[in-house]
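Structure record follows, encoded as structure tokens.
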Amino acid sequence: MGGLSITSTIEHKFSNNGERQAWPRELHRVFCMQGGDTDVSYAKNSEATACAIALSKPLLHDAIASMKLFRGAESIRIADLGCATGYNTVSTVEFVVENLRKRYEVELSHVPEFEASFSDLPSNDFNSLFQLLLPSFGSTERPYFVAGVPGSFYGRLFPSRKLHLVVSLNSLHWLSRIPEAVLNRQSPAWNKGRVWVDGAKDEVVKAYAKQSQEDLEAFLQCRKAEIVEGGVLFLLMAGRPSLQPPVNQLNDEDTRAKHPFIIIDQAWKELVNEGSIEEEARDMFNIPAYMRSIEEVKSAFEKCNGFEIKNIKYLKLIEHSKEKQEDWIKDPSSYGRAKANLVQSGLRPLIEAHLGKISTEKLFNRFEKKYSEDINLLHKTCLYGLIVVSATRK
């Protein structure tokens, strides 16, 4: 999720364990997937991400199978941008290396070495990731060289014409920043009373859409400089159906009823109404996410003019299996815990930097309660929309 780099002129103060603290001016220093291996860590709550990656892997396999082989290259350089931590990023890179190696063995007499760079924001838990990358005692060496590259993928990360294959999985729906107008009380785009873009007024939606387009264009321009001619760019991001306007970020009414971003917005409103969290704290926080359509993605590629799109698809991922749904219906409280852990793994560092630990605990406790007590939610089906793109550097 390596792109967020929010800067803001806001200097309001909020409570943190009973003490007042200034809102960090650069939230990219604290926004990351939750590290470690606790119940709320990303490593223990990345099953949905793994399913999304699995859904896209046939397309990734096709991209590798059709890409140019670089005859005479001493090394092939791969990068995972927005790698987070956990096994998902490791398994993806190993999938890429294994399939590329097979092609070189079969089609060329020379098999190059492979270099893999794992990149995310400096706040990412690289320590846990590097532990996964260490070969087990007594095992052979890992079949590729490893590097960690901290930084936002909305800026340059590598030298010119350095990379042969770049993947970015489940990250590009995170924006580089919250549009300033959305947090400005004097602006028509002030998103008062809400913490996300779905269902917001036109001015808010336009501000988010504009930021989203600028971000994707910046990302593509950077990769245009870094990827060699004939290299591959493979993207997987949250998206929305083409027929849905940007104000409708989600698939359908069932999805909207139980999507985590919707439920956390509801939890926040309840706590504000009860006086447990300041209204100002809610109004000055927004989730930095935007689900693009295929048309918006194509538009950014056309403006970049550095890639030829080979494949672009919209896919749907079901929230969970029927077996798991049946288990949760028998024990709704476990469903609430699972959803709370999932959302904390992605949003807790950002919310805690804004609210402090005590209010953050209140928010996620209420979030868990809402899922646990509303049995109707368990009988609805939540679909996560995905956009997959395979493109070749011209």
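Model, not experiment: these values are computed from the prediction. The chain is numbered in sequence order, starting from 1.
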Please confirm whether the backbone N or O of [Y] pairs with a side-chain atom of [X], one donor and one acceptor, at under 3.5 Å?
{"X": "H164", "Y": "V232", "answer": "no"}
{"X": "Q244", "Y": "L250", "answer": "yes"}
{"X": "R142", "Y": "Y144", "answer": "no"}
{"X": "K192", "Y": "D283", "answer": "no"}
{"X": "N184", "Y": "Q186", "answer": "yes"}
{"X": "S212", "Y": "Y208", "answer": "no"}
{"X": "R71", "Y": "L108", "answer": "no"}
{"X": "S117", "Y": "A79", "answer": "no"}
{"X": "S334", "Y": "D331", "answer": "yes"}
{"X": "Y371", "Y": "S333", "answer": "no"}

**Q.** Sequence-distant partners of K162, salt bridge (charged side-chain N to carboxylate O under 4.0 Å, His left out), two or more places apart
**A.**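 Not a single residue meets the salt bridge (charged side-chain N to carboxylate O under 4.0 Å, His left out) criterion with K162.
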Q) Which residues pass the salt bridge (charged side-chain N to carboxylate O under 4.0 Å, His left out) test with K362, sequence neighbours left out? A)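 Applying salt bridge (charged side-chain N to carboxylate O under 4.0 Å, His left out) to K362 gives none.
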Q. Does F219 have any ring-ring contact (aromatic ring centres under 6.0 Å, His included) partners at least two apart in sequence or in another chain, and if so, which?
A.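 ring-ring contact (aromatic ring centres under 6.0 Å, His included) list for F219, sorted by chain: F153.
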Less than 4.5 Å apart, side chain to side chain, heavy atoms only: is that true for [X] and [Y]?
{"X": "I78", "Y": "L163", "result": "no"}
{"X": "F367", "Y": "Q344", "result": "no"}
{"X": "C83", "Y": "L129", "result": "yes"}
{"X": "L121", "Y": "P150", "result": "no"}
{"X": "L183", "Y": "F285", "result": "no"}
{"X": "Y384", "Y": "E319", "result": "yes"}
{"X": "Q213", "Y": "S299", "result": "yes"}
{"X": "V388", "Y": "N311", "result": "no"}

Q: Report the residues that fulfil side chain to side chain donor-acceptor pair (under 3.5 Å) with S242, sequence neighbours left out, ordered by chain and then residue number.
A: E295
Q: Could you walk me through whether D202 and V247 pass the side chain to side chain contact (heavy atoms under 4.5 Å, CB included) test, one step at a time?
A: CA-CA 8 Å; D202 287 347; V247 67; 5.7 Å; no
Q: Evaluate the ring pair (Phe, Tyr, Trp, His ring centres under 6.0 Å) criterion for residues Y290 and W174: first the C-alpha distance (whole Å), next the side-chain angles of each, then the deciding distance (0.1 Å), finally the verdict.
A: CA-CA 7 Å; Y290 180 87; W174 297 112; over 10 Å; no
With sequence neighbours left out, which residue pairs that include part of [range] fulfil the salt bridge (Lys or Arg N to Asp or Glu O under 4.0 Å) condition?
{"range": "residues 373-394", "value": "D254-K380"}
{"range": "residues 210-221", "value": "K210-E214, E217-K303"}
{"range": "residues 239-252", "value": "R240-E296"}

Q. Under a single-linkage rule joining Ile, Leu, Val, Met, Phe, Trp and Tyr whose side-chain heavy atoms are separated by less than 4.5 Å, which residues share a cluster with I318?
A.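 Hydrophobic cluster check, I318: joined to L383.
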What is the distance from atom [atom1] of [X] to atom [atom2] of [Y], rounded to the nearest 0.5 Å?
{"X": "D120", "Y": "T85", "atom1": "CG", "atom2": "OG1", "answer": "9.5 Å"}
{"X": "N88", "Y": "L132", "atom1": "CG", "atom2": "CG", "answer": "10.5 Å"}
{"X": "L386", "Y": "N170", "atom1": "CG", "atom2": "CG", "answer": "7.0 Å"}
{"X": "R292", "Y": "Q249", "atom1": "CZ", "atom2": "CD", "answer": "10.0 Å"}
{"X": "D80", "Y": "F234", "atom1": "CG", "atom2": "CZ", "answer": "11.5 Å"}
{"X": "R337", "Y": "L342", "atom1": "CZ", "atom2": "CG", "answer": "14.5 Å"}

So for atom [atom1], which belongs to [X], do other residues, nucleotides or ligands contribute more than 12 heavy atoms lying within a distance under 6.0 Å?
{"X": "Q266", "atom1": "CD", "result": "yes"}
{"X": "K201", "atom1": "NZ", "result": "yes"}
{"X": "R103", "atom1": "CZ", "result": "yes"}

**Q.** Pair T392-E308, side-chain donor/acceptor within less than 3.5 Å
**A.**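 No, no side-chain donor-acceptor pair sits under 3.5 Å.
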Q. What ring-ring contact (aromatic ring centres under 6.0 Å, His included) pairs are there with at least one residue in residues 95-132, not counting sequence neighbours?
A. F126-F130
Q. Applying ring-ring contact (aromatic ring centres under 6.0 Å, His included), which residue pairs with at least one partner in residues 180-205 are found, sequence neighbours left out?
A.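 Found W196-H259, W196-F261.
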Q: Kindly indicate, with the supporting measurements, whether the criterion side chain to side chain donor-acceptor pair (under 3.5 Å) is fulfilled by S75 and R77.
A: CA-CA 6 Å; S75 65; R77 294 175 290 275; 3.2 Å; yes
Is [Y] paired with [X] through a side-chain N to carboxylate O contact shorter than 4.0 Å?
{"X": "K269", "Y": "E274", "value": "no"}
{"X": "R223", "Y": "E226", "value": "yes"}
{"X": "E278", "Y": "R282", "value": "no"}
{"X": "E368", "Y": "R366", "value": "no"}
{"X": "E98", "Y": "R101", "value": "no"}

Q | Single-linkage hydrophobic cluster I375~Y335, side-chain heavy atoms < 4.5 angstrom | A | no
(Q) Hydrophobic clustering (ILVMFWY, side-chain heavy atoms < 4.5 Å, transitive) - are F145 and V93 grouped together? (A) no
For the student: nearest non-hydrogen atoms of [X] and [Y], plus distance:
{"X": "I263", "Y": "A257", "value": "CD1-O, 3.4 Å"}
{"X": "L175", "Y": "Y154", "value": "C-CE1, 4.0 Å"}
{"X": "V343", "Y": "P260", "value": "CG2-CB, 3.3 Å"}
{"X": "S119", "Y": "G151", "value": "OG-O, 4.1 Å"}
{"X": "A289", "Y": "V197", "value": "O-CG1, 4.1 Å"}
{"X": "I294", "Y": "I387", "value": "N-CD1, 3.6 Å"}

Less than 3.5 Å apart, which donor and acceptor atoms pair up between the side chains of residues 53-70 and the rest of the protein, not counting sequence neighbours?
| unit_1 | atom_1 | unit_2 | atom_2 | d |
| --- | --- | --- | --- | --- |
| S56 | OG | I53 | O | 2.8 |
| S66 | OG | D62 | O | 3.0 |
| S66 | OG | A63 | O | 3.4 |

(Q) Test of understanding: with side chain to side chain contact (heavy atoms under 4.5 Å, CB included), list the residues that count as partners of K206, not counting sequence neighbours. (A)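 For K206 there are no side chain to side chain contact (heavy atoms under 4.5 Å, CB included) partners, ignoring immediate neighbours.
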